[in-house]
Amino acid sequence: DERSTEGFPGSDDFWEGEKWEWLGFVTQYYYIFIVLVTAAVGGYASNTYNDGATQFVESAKEDKPLTIVDAKDLFAAPAPASVDAPPPSAE
């Protein structure tokens with residue numbers, strides 16, 4: 001029998017073969033890739049959100065309007081409070 005499918009449409013499918021296995025894998029597990037990329041980008045954004053900021057806005061309160069605070073004043077160590085405590089006993 002001299003029958004052949006050569007020359008018929010679909011005999012050489014472009015999407016057939018090992019070269020497209022990676023695309024099938026990605027489409028099967030794309031939601032895992034999206035979750036991992038989202039977590040990585042979110043972690044990076046949260047760690048670098050205020051990098052280089054020189055001023056911050058302090059929340060308004062009932063008795064005080066909205067104010068802008070310099071970063072160096074915000075993160076400066078407070079002066080130690082003097083407490084009149086009795087000296088430690090030697091006992």
Side-chain angles (χ1 to χ4, degrees):
D1 219 353
E2 303 262 341
R3 295 182 195 171
S4 172
T5 58
E6 196 172 322
F8 282 106
S11 61
D12 290 330
D13 190 5
F14 178 74
W15 298 104
E16 196 67 36
E18 294 292 321
K19 66 181 179 180
W20 297 107
E21 290 296 319
W22 65 271
L23 185 60
F25 179 80
V26 169
T27 56
Q28 186 175 3
Y29 297 108
Y30 74 95
Y31 58 91
I32 295 173
F33 294 126
I34 289 174
V35 168
L36 293 176
V37 168
T38 302
V41 169
Y44 176 76
S46 67
N47 285 330
T48 60
Y49 180 70
N50 283 329
D51 283 356
T54 58
Q55 294 180 337
F56 295 93
V57 177
E58 187 176 326
S59 300
K61 299 184 177 58
E62 283 186 32
D63 58 341
K64 191 167 119 177
L66 186 92
T67 56
I68 296 177
V69 180
D70 281 332
K72 61 183 176 200
D73 297 335
L74 186 64
F75 296 114
S82 61
V83 178
D84 294 330
S89 64
E91 295 176 6

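Quick note: residue numbers are just sequence positions, from 1.
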K.L.:
Crowded around I68 CD1? As in, over 12 foreign heavy atoms under 6.0 Å?
P.N.:
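At most 12 heavy atoms, drawn from other residues, nucleotides or ligands, come within 6.0 Å of this atom.
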K.L.:
Tell me whether F33 at atom CZ has more than 12 heavy atoms from other residues, nucleotides or ligands lying less than 6.0 Å away.
P.N.:
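Yes.
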K.L.:
Nearest 0.5 Å, what's the CD1-OH distance between I34 and Y30?
P.N.:
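OH of Y30 is found 6.5 Å from CD1 of I34.
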K.L.:
Group every Ile, Leu, Val, Met, Phe, Trp and Tyr by side-chain heavy-atom contacts under 4.5 Å, then state whether Y49 and Y44 land in the same group.
P.N.:
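Not linked; separate clusters.
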K.L.:
Determine whether V41 and V35 fall in the same hydrophobic cluster, where Ile, Leu, Val, Met, Phe, Trp and Tyr are linked whenever their side-chain heavy atoms lie under 4.5 Å apart.
P.N.:
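No, it is not one cluster - the side chains of V41 and V35 are not joined through contacts under 4.5 Å.
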K.L.:
Under a 4.5 Å side-chain heavy-atom rule over Ile, Leu, Val, Met, Phe, Trp and Tyr, are Y31 and W22 clustered together?
P.N.:
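Yes: a chain of side-chain contacts under 4.5 Å links Y31 to W22.
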